[in-house]
Structures are given as structure tokens and as C-alpha cells.
Engineer: 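Structure incoming, see below.
Note that ligands are numbered from 1 as they come in the structure, with each ligand's atoms numbered from 1 the same way.
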Amino acid sequence: VRPLGPPLRIKRRTAWELAHRPRLDEIGAGLRRLAAQADEDAARQELDRALRAAVAVLPRSPYYAACLRQHGVAVGDLRGLADLTALPMLDRAAYRSAWDALPTGDLAGAVVVKSSGSTGEPVSVVREPFEQLHMWGVLGFWLTQLGLTLPPRPRIVLLDPLPSALEYSVRVRVVGDGRGALHRLSLLHPRVRERLERADPAVIFGDPVGLHWWGRVRPRARPKLLLTSAQHFAPTDRAVISDPVVNYYATTETGPLAWECLTTAGVFHVLAPDVWLESVAGELVVTRLRPTVVPLLRYRTGDRGHVARHACPCGFHGWSIHGLDGRHACAFVRPDGASVDAWQLAALFKQVALDAFQLEQTARDRFVLRALPFADEPRLLADLDEALRRLGWTARTIARAPVAPPVGAKPEPFRRSFA
Ligand SMILES: [Zn+2]
């Protein structure tokens with residue numbers, strides 16, 4: 001086991017967040033309003049209005065200004081969702097080359113993040129300061145939708161499985177009573193369980209790795225809500241956790257898009273009016289309707305699913321994704337016969353595009369890692385070996401094949417080739 005340094009504490013100024021509270025409250029209110037809107041015409045009218053506001057800024061985006069000219073479309077032609085087809089779709093390759101021409105210009109405080117996403121090479125994404133807080137507005141919506149209220153001074157824990165083992169604590173001014181805190185805890189630090197219990201969080205953000213750990217260790221804490229994203233989350237994982245879990249679908253380029261119904265597994269409710277999703281030939285295509293300095297219209301996610309409007313038994317009214325297939329589910333089999341969700345290992349490969357590697361289990365104790373040689377490879381292999389050991393492979397062999405993984409319509413970073 002690699003020695004870990006002392007926990008890193010970062011104190012960050014958070015007073016700037018307060019100025020965004022009204023906008024965050026608006027995000028939550030909009031999501032609640034649409035989720036309760038049983039009248040489809042009224043819902044569409046609201047989305048059409050949101051689209052008209054969103055496209056008003058397009059002439060200030062170099063990419064979209066050129067796009068409108070090229071296709072002979074005026075902003076005034078885009079009156080509603082039905083007019084969107086006048087615009088071409090934006091695929092990942094085009095985004096990758098045009099990322100710095102998308103923003104409208106007001107980029108004070110913006111950051112650039114890299115995404116490996118579920119398809120293809122890393123993409124640079126510009127995020128304005130508000131986008132870094134946006135999730136708090138969506139969290140507020142989920143809490144009310146599930147009938148949950150936060151206690152005073154709510155603590156929020158981010159359970160981090162990454163090898164960087166970065167930890168910090170900051171105040172959070174825009175959640176609950178504004179006196180809460182966010183603690184990022186690394187699963188790799190000793191005593192993470194005790195520290196989590198001491199934090200006694202009301203909300204836990206994790207991923208399937210963190211949630212597996214939670215289900216296994218069962219810390220003495222009663223969060224109101226756990227959240228997971230970014231990777232495949234199986235119904236069997238949900239079954240072992242007694243607290244409510246929101247499994248949301250997001251991409252780095254777009255932010256959160258939808259969340260899996262807690263009543264009907266496999267149905268993802270779309271976060272309108274923040275976003276609008278079309279299904280074009282079975283592919284999910286996103287238009288961001290909330291105002292941002294990085295407009296995004298008809299962005300091809302590369303994920304598959306179809307979108308339909310319905311009144312859900314959970315009380316949600318609106319559009320939902322059915323048959324969402326962004327990531328191939330894959331269960332590895334341990335030497336003792338137990339099944340393990342292979343996507344628990346995805347965090348280790350965060351710096352590698354998902355179509356640039358494939359970890360295949362060829363026998364109960366044998367794996368093959370296919371990838372062209374990449375930077376930091378010895379460390380990743382050591383981390384992978386250690387992760388497999390912790391997951392129950394007391395004996396394991398990882399063969400290294402320095403070849404590109406097979407090319408398919410959708411990357412399959414994890415696969416098992418024996419019954
Ligand atoms: Zn539902």
C-alpha cells in the first residue's frame with residue numbers, strides 16, 4: 001500500500017456563492033414546477049420560452065454565430081423546441097475542436113475541466129462559476145421531490161475513491177440554512193469510517209465505488225440522501241442500501257440531465273426546464289435551456305435511450321429516458337463466485353479515455369488490460385492490483401497487452417469473457 005500523506009486541508013473563500021443563491025433557488029423552483037405540471041401544452045410553452053431566452057445569446061458565441069450564418073437561421077426563427085431541427089447537431093469531435101469558441105465571452109472566474117466521458121478522447125469544457133454551484137440547486141429539487149428536509153448546519157460528504165486521495169473541508173453557503181459544510185473524504189485514508197461518522201452527513205455524494213463501500217461497511221450515520229453518478233449503478237447495489245439513493249445521469253459537457261426514478265427502476269426523469277433531450281435515431285441529444293455563458297444546442301451525448309412523456313407513479317410529470325444505455329454493465333466474478341460490478345474500477349482509469357483501454361476478465365483470477373502504452377502506467381497497474389485485492393481477489397494475474405482495445409459503436413472498457 002502506498003503511504004498516504006496527512007489529509008490536505010484547503011480553506012477556500014465561499015462568500016461569492018451567496019450572490020448566486022437567488023439563481024439557485026430559481027433552478028430548484030423551475031424543476032419543481034415542471035415536475036408537477038400535468039398539462040403537457042403548458043409544460044411545452046414554458047420550455048419554448050426557456051429556449052427563446054437561451055438562444056438570444058447565440059450571436060455572442062463565435063461558434064454559434066458562424067453556425068447560424070452557415071445554416072441561414074436567425075435567432076428569431078427559433079421560437080420553440082420544434083424549431084431546433086433547423087440547427088445541426090454538435091458531436092463530440094466538433095465540441096473537442098470548438099470548445100473555446102462556444103462561450104459568449106463573459107468568462108470571469110471560469111475554469112476549464114477535462115472530461116473523458118463515456119465515449120472518445122478527453123474534451124475540454126469551460127465552466128463558469130455558477131455551473132460549479134448548479135448541482136446545489138438540483139439537490140434542493142431532489143430533496144423536496146423526495147419529501148426530505150435538511151437539518152440545521154447540514155454536512156455534505158463527498159466520498160472520493162480516487163488515488164489522488166485529496167481531502168478538504170469548505171463551508172457551503174447555498175444549501176439549506178447556509179451554515180453547512182462540505183467535507184471531501186478519501187476512501188484511501190485511514191479511519192475514513194470514523195471520520196464519516198463524526199461528520200454525520202445529511203447528504204453523501206459518491207459513485208458506485210463509494211456506495212459499495214457504504215453498503216459493505218455500514219457506518220453509523222443516517223444520511224437523508226445518497227447520490228451516485230457517472231457510472232453504471234445496478235439495482236442490486238440499490239437493494240443493499242436502506243437509505244434513499246438518487247442515481248443521476250450527467251455528462252461533463254452538459255451537467256446533470258436526468259435522475260433514476262426511485263419507484264420505477266431504469267426510468268430516468270429529465271431535469272426540465274434546465275435541459276431538453278431529444279432522441280435522434282436512438283441517440284440522446286441535449287439542448288441546455290438554463291442560461292449559461294456556454295450555450296449548447298443539440299449536443300450528441302453518444303448515449304442511447306428514448307424519451308417519452310408520462311405521469312410516473314412516483315408523482316413526477318414530464319419527460320423521461322427509457323432504456324438509457326450509456327455504459328455497458330459488466331459483472332466480474334470473484335474466485336469465491338461472488339459477482340462484483342466492474343465499474344467500481346472505473347475511477348482508477350479516470351485519466352484514460354474509456355475507449356482507450358479494456359480490462360477483460362478471462363478467468364476467475366485472470367485479467368487482461370488492453371491499451372496502448374500510456375503515461376503513469378506502472379502506478380495505474382499497482383493501483384489496479386491493489387483495488388482487485390481489496391475487492392476480494394486474494395490471488396490475481398493482470399496481463400498487459402500493449403494494443404488498442406477493439407473498436408465498437410460504444411466503448412466497452414470492462415468485459416468478462418467466461419461464463
Ligand atoms: Zn418516477
Engineer: Distance alone, cut at 3.5 Å: any donor-acceptor contact between the side chains of Glu253 and Tyr95?
Structural biologist: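 Glu253 vs Tyr95: no donor-acceptor pair found between side chains.
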Engineer: Around the Zn ion (ligand 1), what protein N, O or S atoms are found below 2.8 Å?
Structural biologist: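 Listed by chain and number, the atoms are Cys261 SG, His269 NE2, Cys312 SG, Cys314 SG.
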Engineer: Could you tell me how the ring of Trp259 sits relative to the ring of His269: parallel (under 30°), tilted (30 to 60°) or perpendicular (over 60°)?
Structural biologist: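 Trp259 vs His269 ring planes: perpendicular.
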Engineer: Got more than 12 heavy atoms from elsewhere within 6.0 Å of CZ, Arg179?
Structural biologist: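 Above 12, so yes.
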Engineer: Of all residues at least two apart in sequence or in a different chain, which pass the ring pair (Phe, Tyr, Trp, His ring centres under 6.0 Å) check with Phe332?
Structural biologist: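 Here the qualifying residues are Phe367.
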Engineer: So Arg298 and Leu90, do their side chains get closer than 4.5 Å, heavy atoms only?
Structural biologist: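 The answer is no, as the side chains (C-beta and beyond) never meet within the 4.5 Å cut-off.
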Engineer: Over 60° means perpendicular and under 30° means parallel, so classify the ring planes of Tyr248 and Trp142, tilted if in between.
Structural biologist: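 The arrangement is tilted - the two ring planes meet at 30° to 60°.
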